[in-house]
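Chain naming here is simple, since letters A, B, ... match the order of the sequence lines and numbering starts at 1 in each.
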Number of protein chains: 2
Amino acid sequence: MVMKKKTIAATRPRRTGAETQAPAESSDAASMFDPVERSPAYTKVSSAIEHKILSRALRDGDVLPAELELAQQFRVHRSTVREALRQLESAGLVARPPGAKRMIVSRPEAAKVASGMRHALVLHEVSFVDVWEAMMVIEPEVAALAALRRTQADLAALTQTSEAFRESPEGDPDSVNIVATFFEQLGAASRNQVLVLAKQSLTQALAPSLARMIDTVPQARTRITDAQRRIIVAVRDKNADEARKWMSKHVRDFKRGYEVAGISPDTPISV
Amino acid sequence: MVMKKKTIAATRPRRTGAETQAPAESSDAASMFDPVERSPAYTKVSSAIEHKILSRALRDGDVLPAELELAQQFRVHRSTVREALRQLESAGLVARPPGAKRMIVSRPEAAKVASGMRHALVLHEVSFVDVWEAMMVIEPEVAALAALRRTQADLAALTQTSEAFRESPEGDPDSVNIVATFFEQLGAASRNQVLVLAKQSLTQALAPSLARMIDTVPQARTRITDAQRRIIVAVRDKNADEARKWMSKHVRDFKRGYEVAGISPDTPISV
DNA sequence: AATTGCCCTATTGTCCGACAGTCCGGTTTT
DNA sequence: AAAACCGGACTGTCGGACAATAGGGCAATT
């Protein structure tokens with residue numbers, strides 16, 4: 001167990017070196033050689049594992065081998081494995097159940113993906129209208145689908161959420177979350193995971209400024225309550241057109257609210 | 001070395017045990033204590049940096065301090081910093097320009113976000129119809145927006161791409177990429193970053209199976225060519241309704257293609 | 001029998017220290 | 001001035017260490 005390490009270090013072909021000077025003697029505009037891809041070991045390790053996960057050789061819930069064992073299998077140092085694991089962890093492909101030692105393979109949750117998208121939106125200084133526009137595209141259709149596919153349980157959940165919103169006190173900072181939940185449940189009722197994923201990012205991105213809006217515009221609460229009620233009725237009656245129509249109004253109202261609140265539609269969304 | 005552990009074990013409040021029996025004598029279902037949050041240092045470091053980036057104290061293009069310096073500032077070991085950096089790297093918040101030493105702050109590219117979403121879709125075994133349904137929701141509207149907002153350059157790009165597709169040889173494995181490019185450019189023309197992000201994931205997710213479909217169904221190529229032509233005309237004329245209509249047909253055709261190719265709509269999309 | 005206390009082992013989180021390979025900017029040589 | 005050279009600053013990776021803890025097993029206790 002002592003000499004193994006030496007052997008490895010000697011075997012390992014100090015990765016770089018012969019690559020940098022190649023381009024010097026290429027003919028002209030069209031280069032003769034493609035830049036050689038030099039990727040650090042931690043990337044190699046992480047993509048190896050990632051591949052196993054995506055190809056479902058490792059399935060959701062499987063326990064990953066211990067770091068040391070991985071290190072031995074890949075013939076790299078444990079630190080290297082750990083760096084790889086951090087990549088996968090932040091991608092949501094592996095996770096550690098609270099208070100567990102080993103990592104398990106997991107599929108990225110909607111919230112995780114959404115937050116990645118939210119980061120992108122924030123950093124690209126996407127404006128409120130852009131998000132709103134996307135909502136105008138997606139939400140009404142989702143509502144329509146939900147109306148067609150909802151189960152009794154979906155309906156109950158929606159009703160309860162709407163109830164909760166109606167009863168939430170005036171300045172309750174939690175109100176927005178309830179509104180978000182309503183959207184989320186509608187997504188769930190649409191039985192389309194893809195749309196749910198896309199939607200969630202939007203609501204997440206919008207939430208902070210929406211909160212301010214609701215607190216500023218007095219009519220906001222009643223308008224939201226009203227829209228929710230209409231949507232619920234449409235969903236209950238499996239009336240896709242109505243659902244679409246009211247969701248459309250509902251989302252459109254958001255923009256109105258922003259205008260009334262004096263928030264410019266071009267304000268970039270923020271954290 | 002023997003009694004140290006004893007002391008520790010005694011001090012440590014055996015977390016799990018305490019929780020499980022708490023509900024026994026508590027008033028009812030709600031447990032009395034929240035689980036204490038224990039997060040490793042690498043997470044703390046990475047969220048500290050993440051926060052600085054999202055709040056734009058660190059802006060796109062800024063060079064991060066060297067690992068050693070970060071380690072000193074955070075008072076942790078360099079390895080710990082590196083683990084944190086890997087997290088940020090895989091989130092796309094920092095990146096290293098090819099052949100550069102220091103890391104720079106960057107905003108997650110559309111492709112990055114899209115691939116995160118694609119992972120999620122694959123692992124959740126989302127079926128082809130789900131993706132297709134989402135496309136049916138998004139793409140026509142994007143086309144409509146594109147028609148309204150396209151510039152001359154957008155139009156040129158679209159035309160060129162469509163041209164490229166028409167000229168691509170029969171079994172060319174690159175054909176799908178050209179189709180994808182067409183969608184992407186249309187997204188760009190819509191001037192809505194949010195929709196672009198959402199779209200891209202869908203096209204990415206669909207691409208592999210789409211490739212098979214195109215190769216299997218003989219009529220596919222002409223139908224695609226035709227649809228593209230119509231869409232381009234509509235976009236040229238700034239005719240939103242026509243653009244929407246033809247994009248709708250175009251996407252619907254995909255499903256038809258799958259049916260003809262004998263691919264079940266419930267096939268989960270794969271890598 | 002169920003609970004509690006104690007110990008051991010496998011593993012993780014973190015740290016130290018080291019070194020080769022490479023990038024970069026300045027210096028010397030041609 | 002262009003080319004070759006050089007030393008410092010960093011990164012990538014490694015070897016090695018150690019404390020803390022999750023998980024089990026075993027024994028003492030209720």
Side-chain angles (χ1 to χ4, degrees), chain A residues 1-22 24 35-36 38-46 63-72 74-87 89 94-104, chain B residues 1-21 24-25 35-36 38-46 63-72 74-87 89 94-104:
Chain A
M1 187 243 213
V2 190
M3 43 28 160
K4 255 182 267 167
K5 295 171 186 172
K6 185 170 288 181
T7 326
I8 294 157
T11 312
R12 176 168 51 97
R14 276 292 170 189
R15 204 169 44 62
T16 26
E19 297 144 26
T20 343
Q21 60 220 35
V36 60
R38 260 178 312 163
S39 45
Y42 62 79
T43 320
K44 299 238 185 72
V45 171
S46 94
V63 205
L64 278 188
E67 294 173 355
L68 198 58
E69 189 173 327
L70 285 173
Q72 282 158 354
F74 285 112
R75 302 282 176 74
V76 298
H77 193 257
R78 187 160 77 98
S79 312
T80 307
V81 168
R82 283 179 65 82
E83 292 186 36
L85 288 180
R86 294 297 85 84
Q87 303 227 200
E89 189 181 23
V94 307
R96 190 193 320 285
K101 187 134 273 190
R102 311 282 281 276
M103 292 269 229
I104 65 164
Chain B
M1 181 260 213
V2 190
M3 44 26 158
K4 253 183 269 170
K5 292 174 182 171
K6 185 175 293 183
T7 326
I8 295 153
T11 313
R12 176 168 51 97
R14 282 286 174 191
R15 204 174 44 63
T16 27
E19 286 160 7
T20 344
Q21 68 210 30
E25 68 244 296
V36 57
R38 263 173 316 160
S39 47
Y42 63 80
T43 322
K44 301 240 185 72
V45 171
S46 95
V63 213
L64 277 188
E67 294 172 357
L68 197 56
E69 190 173 327
L70 284 173
Q72 282 157 355
F74 285 112
R75 303 280 176 72
V76 297
H77 193 260
R78 189 157 78 95
S79 312
T80 307
V81 168
R82 282 177 66 83
E83 292 186 34
L85 287 180
R86 294 297 86 81
Q87 304 228 209
E89 188 181 23
V94 305
R96 190 192 321 283
K101 188 129 275 193
R102 309 282 282 276
M103 290 269 223
I104 66 165

Thr43(B): side-chain hydrogen bond (donor to acceptor under 3.5 Å, both in side chains) partners, not counting sequence neighbours: none
Using a cut-off of less than 4.0 Å, is there contact between a side-chain N or O of Thr80(A) and OP1 or OP2 of dC14(D)? yes
Side-chain N or O of Arg38(B) closer than 4.0 Å to phosphate OP1/OP2 of dA22(D): yes
May I have the step-by-step check of side chain to side chain contact (heavy atoms under 4.5 Å, CB included) for Leu64(A) and Leu85(A), ending in yes or no? CA-CA 10 Å; Leu64(A) 278 188; Leu85(A) 288 180; 3.8 Å; yes
Between [X] ([atom1]) and [N] ([atom2]), how many Å, whole number?
X	N	atom1	atom2	value
Gln87(A)	dG12(D)	CD	P	11 Å
Glu83(B)	dC14(D)	CD	P	14 Å
His77(B)	dT14(C)	NE2	P	12 Å
Glu89(A)	dG13(C)	CD	C1'	12 Å
Arg86(A)	dT12(C)	CZ	P	10 Å
Leu70(A)	dG13(C)	CG	P	13 Å

Grab the N/O contacts between the protein and nucleotides 7-11 of chain D below 3.5 Å, and write none if there aren't any.
residue	atom	partner	partner atom	Å
dC10(D)	O2	Lys101(B)	NZ	3.0
dT11(D)	OP2	Glu67(B)	N	3.0

Set of residues satisfying salt bridge (charged side-chain N to carboxylate O under 4.0 Å, His left out) with respect to Glu67(B), sequence neighbours excluded: Arg78(B), Arg82(B)
Would you call Arg86(A)-Glu89(A) a salt bridge at under 4.0 Å N-O? yes
For the student: nearest non-hydrogen atoms of Pro65(B) and Leu70(B), plus distance: O-CD1, 3.7 Å
Rounded to the nearest 0.5 Å, what separation is found between the NE2 atom of His77(A) and the CD atom of Glu83(A)? 11.0 Å
